[in-house]
Protein chains: 2
Amino acid sequence: MTWRMRFSVSILVVYTCLVNYKEEQTSTDTYNLKMVFPKQSTPSPRRDTAAQAPFAKVKAYLMKELSTGRWPPGSVMPSEPELVAQFQVSRMTVSRALRELQTEGFVTRVQGVGTFAAHLGLVSSTLTLPDLQHEIVSSGHRHSVQVHMAQEERCSAALAAEFHLAEGTLVFHTLVVHFDNGIAMQCEDRFVNPACAPDYLATDFNQITPTVYLRTVAPLWEAQYSVEAALPTAQEAALLGVSAATPCLIVLRKTANADVPITLARQVHPGDRYRLNGHFKP
Amino acid sequence: MTWRMRFSVSILVVYTCLVNYKEEQTSTDTYNLKMVFPKQSTPSPRRDTAAQAPFAKVKAYLMKELSTGRWPPGSVMPSEPELVAQFQVSRMTVSRALRELQTEGFVTRVQGVGTFAAHLGLVSSTLTLPDLQHEIVSSGHRHSVQVHMAQEERCSAALAAEFHLAEGTLVFHTLVVHFDNGIAMQCEDRFVNPACAPDYLATDFNQITPTVYLRTVAPLWEAQYSVEAALPTAQEAALLGVSAATPCLIVLRKTANADVPITLARQVHPGDRYRLNGHFKP
DNA sequence: CAGTGGTCTAGACCACTGA
DNA sequence: CAGTGGTCTAGACCACTGA
């Protein structure tokens, strides 16, 4: 399924541990507390709609009618010629409005058949995986790192398969901890394909993070992600300064450029300090 | 920041518990194993590019040159008239190519100034939050639910604030566990604004899940998400049949239609059974 | 001022679907 | 076959920027 939308996201950093609510409470109270969202600043500029372009008017009209249920999911919507007549605009204009709605997932179009209201609910919503350093800095906090390892290694069979390399080939391996105002937020274990970034190990990660450096040498063109909750390894717990029983949010990322794998990373975040947040609106 | 892309996602359901690797191993081995992605079927149809439309050719050309670093982030790219001359197409055609690249976040355009290569790395990538039932069913598994609670309640102060209602107003409250082939995958605790779905409690959740039902009565038009790793409550652990020390992936979702809050949900997934997966390519 | 992007028009040809 | 969407053209007017 395709989902295209304007999508603004922010990362929430929780310093204080989440309160341990008494679990003996009635379920109602327990859940009420656990389900309250963090307060948001919500600047919400709401730009002036001043002069709206014709294609935007058509699009806004269709969006509004869709939201009121005028065209239930799966039903036929007006054709391009009908909208041309209704709005007295050229076909290119309504075409653009409809194409954008299709791109955003609100309608389905089939050549030779027509335009249909989409089954919105079937579409999953998106959440961004933010760049930690960028978010820390842009929120006015101080970002720092500790480099615990930066070396060459011969890769294992499993790793070799991921990188499409022969077992035993040299790869770069770093282990870096990221801090937000001195608090450990992420333990990043990363392997890098030397062919893509020969100078990787020579980089001063206190000046430029692995993620940022890799961007400069190889634009990101494909990525695979996985987000899960699990316990940290003993080493990770020690590096993060948390108990080995602390649930962690773990992000695995693998990026490639034109089928050449660039890097494989495991980013471990203490569950009580880090959370992925997303706000989604059409 | 705006991020628009074609984005395909799948949910991975892990039945067997993740293997507990020996943590006494060298860090290299430990991480290699923990960082391997699950094998994917990757059907990857790779549609034939057969006859590519002119606007698509221009777009593909610009994408390719961008990926090779011809225009470093922030640098000036060819203007519309230049591309018109180069490709011998009309301005509308190159305009569409550039507009789509802008929508997808690859270029930045400023009226009166020009088109610039975007700072790709600053853009965060997206991940979808899939609809559990839909994913279970579409993967050929059997989806079932257990309804543990479905009642009216007077809402607490915190909940009332979330719903923009007065404290003590009646709201609907359900507690449902979702199973994939009999294995508990999600414990969903949900509050619903009665004004939006008066018949919510009369629904047979064995036939139609809360999410699906709410879609039918109120199209989703705005949502707020939060994903975190934490321990389940004692009740959740019992309902899911896991230890209270099991790290869980917890999704909070709040949806609203035109500023009217519809529902607030807390979805708790055992970390060793559920994972969010995303594959991202331009 | 020249150059840029933002948008629109009126017409066109095409591929596709379903009666 | 008539109706649909997919796309393109050649020209146009405009707002905006920076010299």
Side-chain angles (χ1 to χ4, degrees), chain A residues 2 4 6 47-63 65-66 71 73-119, chain B residues 2 4 6 47-63 65-66 71 73-119:
Chain A
T2 297
R4 299 192 190 184
R6 213 157 297 175
R47 62 189 168 197
D48 290 7
T49 332
Q52 206 176 19
F55 89 89
K57 282 184 188 163
V58 176
K59 191 176 165 184
Y61 163 79
L62 293 169
M63 290 270 285
E65 296 297 309
L66 273 170
W71 302 296
S75 63
V76 183
M77 290 176 59
S79 69
E80 294 194 353
E82 285 167 355
L83 290 167
V84 164
Q86 180 179 344
F87 285 88
Q88 295 284 293
V89 295
S90 79
R91 207 189 129 206
M92 275 297 276
T93 301
V94 306
S95 177
R96 174 169 174 188
L98 286 167
R99 177 154 31 87
E100 294 193 359
L101 288 173
Q102 180 181 33
T103 300
E104 291 162 10
F106 292 106
V107 307
T108 302
R109 312 190 77 193
V110 181
Q111 197 179 66
V113 183
T115 301
F116 306 88
H119 295 272
Chain B
T2 297
R4 298 192 190 182
R6 212 157 297 171
R47 62 188 168 194
D48 289 8
T49 331
Q52 206 176 19
F55 88 89
K57 282 183 187 165
V58 177
K59 192 175 165 186
Y61 162 79
L62 293 169
M63 290 271 283
E65 296 297 310
L66 274 170
W71 302 296
S75 64
V76 184
M77 291 176 58
S79 71
E80 294 194 353
E82 284 167 355
L83 291 168
V84 163
Q86 180 177 346
F87 284 90
Q88 295 286 295
V89 296
S90 79
R91 208 189 127 206
M92 275 297 276
T93 301
V94 306
S95 177
R96 175 169 172 189
L98 286 167
R99 178 154 31 86
E100 294 194 359
L101 288 173
Q102 179 180 35
T103 301
E104 292 161 9
F106 292 105
V107 307
T108 302
R109 312 191 77 192
V110 182
Q111 197 179 65
V113 183
T115 301
F116 305 87
H119 294 273

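Quick note on labels: first sequence line is chain A, next is B, and so on, each numbered from 1.
Checking each of A:Met63, A:Met77, A:Glu100 against A:Phe106 for a side-chain contact (heavy atoms from CB on, under 4.5 Å) leaves exactly one that passes, namely A:Met63.
Residues A:Gly105 and A:Ala118 approach most closely at O-CB, 3.2 Å, considering heavy atoms. Across all their heavy atoms, A:Ala117 and A:Leu66 have their closest contact at CB-CD2, 3.7 Å. The two residues B:Val89 and B:Pro54 make their nearest non-hydrogen contact at CG1-CB, 4.1 Å. Nearest approach of A:Pro78 to A:Thr115, heavy atoms of both residues: O-CB, 4.4 Å.
Here the nucleotide nearest the side chain of B:Thr115, chosen from C:dG5, C:dT9, D:dG6, is C:dG5. Listed nucleotides C:dC8, C:dG6, D:dT7 differ in distance to A:Thr93; the shortest reach to its side chain belongs to C:dC8.
The distance between atom CZ of B:Arg109 and atom P of C:dG5, rounded to the nearest whole Å, is 5 Å. Spacing between atom CD of A:Gln88 and atom P of C:dT9 amounts to 10 Å, rounded to whole angstrom units. The distance from atom NZ of A:Lys57 to atom C1' of C:dT7 is 13 Å, rounded to the nearest whole Å. Rounded to an integer number of Å, the gap from CZ of A:Phe87 to P of C:dT7 is 17 Å. When the C1' atom of C:dG5 is taken as reference, atom CG of B:Leu98 falls 9 Å away, rounded to whole Å. Regarding A:Arg96, its CZ atom lies at a distance of 17 Å from the C1' atom of D:dT9, rounded to whole Å. Rounded to whole Å, the distance from CD on A:Gln52 to C1' on C:dT7 is 14 Å. In this structure, B:Arg99 atom CZ and C:dT4 atom P are separated by 19 Å, rounded to whole Å.
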Q | Contact letters for nucleotides 11-19 of chain D, in which S counts primed atoms plus P, OP1 and OP2 and B counts the base, heavy atoms under 4.0 Å | A | -B--BBB--
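B:Val113 pairs by the side chain to side chain contact (heavy atoms under 4.5 Å, CB included) definition with B:Val110, B:Phe116, not counting sequence neighbours. Scanning for side chain to side chain contact (heavy atoms under 4.5 Å, CB included) contacts around A:Glu65 gives A:Tyr61, A:Thr68, A:Arg70, A:Trp71, with sequence neighbours left out.
We find the OG-CD distance between A:Ser95 and A:Gln102 to be 9.5 Å, quoted to the nearest 0.5 Å. Rounded to the nearest 0.5 Å, atoms NZ (A:Lys59) and CG (A:Leu83) are 14.5 Å apart. Summarising the geometry, atom OG1 belonging to A:Thr103 is positioned 10.5 Å from atom CG belonging to A:Leu98; distances are rounded to the nearest 0.5 Å.
If you check residues 76-84 of chain B against DNA chain D, you find no residue with a heavy atom closer than 4.0 Å.
Sorted by first then second residue, the salt bridge (charged side-chain N to carboxylate O under 4.0 Å, His left out) pairs that include residues 76-85 of chain A, not counting sequence neighbours, are A:Glu80-A:Arg91, A:Glu80-A:Arg109.
In DNA chain D, runs of at least 3 consecutive Watson-Crick or G-U pairs, each pair with both distances below 3.5 Å, span C:1-16 with D:3-18.
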